Participant: 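To start, I am sharing the structure in question, which I have written as structure tokens.
First listed ligand is number 1; within each ligand, the first listed atom is number 1. A quick note: this is a predicted structure, and the numbers were derived from the prediction, not measured. Computed over heavy atoms, backbone and side chain alike; hydrogens, waters and symmetry mates excluded.
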Amino acid sequence: MDRDPILLTPGPLTTTLRTKLAMLRDWGSWDSEFNAVTARLRSQLLDIVHGHETHVVVPLQGSGTFSVEAAVATVVPRDGHVLVLDNGAYCKRAFKLTQMMGRRATVLAFSEEEPVSPSALNAKLAEDASITHVVMIHCETGTGVLNPLADVAAVCEQAGRGLIVDAMSSFGAIEIDTRKVRFDALVAASGKCLEGVPGMGFVFLRKAILDRCAGNSQSLAMDLHDQHVYMEKTTQWRFTPPTHVMVALAEAVAQHVEEGGQPARLARYSENCRTLIEGMRALGLKPFLRPEVQAPIIVTFHAPTDPAYDFKRFYAAAKARGFILYPGKLTQVETFRVGCIGAIGSNEMRQAVQAMAEALQEMGVAG
Ligand SMILES: *Cc1c(COP(=O)(O)O)cnc(C)c1O
């Protein structure tokens, strides 16, 4: 087929032609035209969270995890103590990277099927005064569960602890408003719900904590405070910027605005998610999560129990029909995941369901 497959994954995502075309130019990193693109993009990112008064946003080269690592390194002092709220795979990654950077880290474990509990967090913070920061994943992409950002932020604020949010898979689609929710750092990336291409992340940092961040990072490249200071002074990135990724993201954000911003994107993804779940139910495939806690970002489905089912064959048969699926990330149950995000609508979701139906039929899996 002379067409790119539709990516039903949590990034990279299917992008528009307009976004792809933005990458057909070369830009000099010192050039004022490119630096104007960076400045405009930073301002537009702050618009999305209504954060101009309270926050700055610092872009960083690399995939999303680079920015999570940078946020922890920059915000948490070397003798800080981080509590990671754990209800899935990305939480475990955050715990691991925190430890590897030499920060003391503790896990507060929850079931993968449920959002993290603000009251359990409250109890834990009351019991352990040494905890300086909390790390929370907004949408845990491992399962697709949405965690209660506003409630967790309120508990942290009340208890006087810092909050670092990994909002990688929710930013731009699910509401995040700095006027309602206090956080020290919030991390997102180019290749997720903003529908850019992968290659850079960005971190919102609360202005009130900025000065205290100087010198925290044990890494030169991951130092967001330094990146921020340099960018403010020179308008340039500290090290070689991902120029093509940047201009593609600027074009993607322009389309985000034209579409109607975060509420419009949420409406489209919600419709995608509904179409997907309804279609899959008709095939006898059930979501892993209950509907109340399911974010309209990525859906985990129980795999068919028929012995004829095999994810690799299912993947190949769906790919042959133009759709890229995602494996499950749960250790206890056999699952697979289907993303609802990217420059796609309910037509593509209906076609995806049809492709999966045909794939299962081809494998001889009973419906
Ligand atoms: C995508 C994602 C990341 C970053 O993953 P990378 O592979 O480094 O881009 C981090 N956290 C969550 C919740 C994600 O969905």
Side-chain angles (χ1 to χ4, degrees), residues 7-15 59-75 82 84-98 100-101 105 107 110 112 115-116 134-149 152 163-174 176 183 185-204 219 221-222 224 242 245-246 248-249 252 265-266 269 273 288-289 293-300 324-330 335-342:
L7 303 178
L8 300 173
T9 66
L13 305 176
T14 292
T15 57
L60 185 74
Q61 300 91 331
S63 87
T65 306
F66 290 57
S67 283
V68 178
E69 209 161 303
V72 172
T74 303
V75 169
V82 176
V84 179
L85 306 181
D86 177 6
N87 64 340
Y90 287 92
C91 308
K92 288 173 178 64
R93 188 188 289 179
F95 173 68
K96 184 176 178 188
L97 66 84
T98 301
M100 288 187 73
M101 286 185 296
V107 162
F110 299 93
E112 286 192 311
V116 303
V134 172
V135 169
M136 189 196 88
I137 316 294
H138 191 197
C139 169
E140 172 45 81
T141 320
T143 54
V145 69
L146 185 65
N147 281 319
L149 175 58
V152 164
L163 173 63
I164 298 170
V165 184
D166 171 350
M168 211 73 68
S169 62
S170 57
F171 185 82
I174 295 173
I176 297 168
F183 52 80
L186 185 133
V187 190
S190 53
K192 303 248 178 170
C193 299
L194 290 179
E195 299 181 358
V197 302
M200 60 173 275
F202 47 91
V203 183
F204 296 92
S219 154
M222 298 295 189
L224 294 172
V245 175
M246 255 295 302
L249 181 59
R265 190 132 306 180
L266 178 62
Y269 289 172
C273 188
F288 171 73
L289 295 173
V293 304
Q294 172 74 60
I297 302 294
I298 188 165
V299 183
T300 300
I324 301 291
L325 303 175
Y326 214 58
K329 221 170 189 166
L330 303 178
T335 57
F336 64 90
R337 285 176 289 171
V338 185
C340 315
I341 57 181

Participant: Just so I know, are the side chains of Glu112 and Asn87 near enough to count as touching, which here means a heavy-atom distance under 4.5 Å?
Facilitator: no
Participant: Got the closest protein heavy atom to atom 11 (N) of ligand 1, with its distance?
Facilitator: Asp166 OD2, 2.6 Å
Participant: Of the side chain and backbone of Cys139, name the one, both, or neither that has a heavy atom under 4.0 Å from an atom of ligand 1.
Facilitator: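 Cys139 to ligand 1: backbone contact only, side chain stays beyond 4.0 Å.
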Participant: With respect to Ile137, determine whether any N or O atom, backbone or side chain, lies less than 3.5 Å from an N or O atom of ligand 1.
Facilitator: no
Participant: Among all protein heavy atoms in this structure, tell me which lies nearest to atom 9 (O) of ligand 1, with the distance rounded to 0.1 Å.
Facilitator: Gly64 N, 3.1 Å
Participant: Against heavy atoms of Ser169, which atoms of ligand 1 measure under 4.0 Å?
Facilitator: 15 (O)
Participant: Answer yes or no: is there a side-chain heavy-atom contact under 4.5 Å between Phe171 and Leu194?
Facilitator: yes
Participant: Using heavy-atom distances only, which candidate in Arg93, Met168, His138 approaches atom 5 (O) of ligand 1 most closely?
Facilitator: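 Ranked by closest heavy atom to atom 5 (O) of ligand 1, first place is Arg93.
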Participant: If we only count heavy atoms from C-beta on, is the Leu60 to Met200 side-chain gap below 4.5 Å?
Facilitator: no
Participant: For atom 14 (C) of ligand 1, which protein heavy atom lies nearest, and how many Å away is it?
Facilitator: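 In this structure, atom 14 (C) of ligand 1 has Lys192 NZ, 3.1 Å as its nearest protein heavy atom.
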Participant: Which atoms from ligand 1 have a heavy atom of Thr65 less than 4.0 Å away?
Facilitator: 4 (C), 5 (O), 6 (P), 8 (O)
Participant: Do me a favour and list the nearest non-hydrogen protein atom to atom 15 (O) of ligand 1 with residue, atom name and distance?
Facilitator: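 Atom 15 (O) of ligand 1 sits closest to the protein heavy atom Thr141 OG1, 2.5 Å.
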Participant: Look up atom CD1 in Ile297 and atom SG in Cys139, then write down how far apart they are to the nearest 0.5 Å.
Facilitator: 5.5 Å
Participant: Suppose we measure from atom 12 (C) of ligand 1 to each protein heavy atom; which comes out shortest, and what is that distance?
Facilitator: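 For this ligand atom, the closest protein heavy atom is Tyr90 CD2, 3.4 Å.
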Participant: Under 30°, 30 to 60°, or over 60°: which ring-plane class applies to Phe183 and Phe204, parallel, tilted or perpendicular?
Facilitator: perpendicular
Participant: May I ask you to establish whether Lys329 and Phe336 are in a cation-pi arrangement, using a distance under 6.0 Å from NZ or CZ to the six-membered ring centre and at most 45° from the ring axis?
Facilitator: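 That pair does not qualify as a cation-pi contact.
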Participant: Can you name the nearest heavy-atom pair linking Val299 to Cys340, along with the distance?
Facilitator: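 What the structure gives for the nearest pair is CG2-SG, 3.9 Å.
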Participant: Is there a side-chain contact (heavy atoms from CB on, under 4.5 Å) between Val165 and Val187 once you walk through the steps?
Facilitator: CA-CA 6 Å; Val165 184; Val187 190; over 6 Å; no
Participant: Take every heavy atom of Ala167, measure it against each atom of ligand 1, and state whether any distance is under 4.0 Å.
Facilitator: no
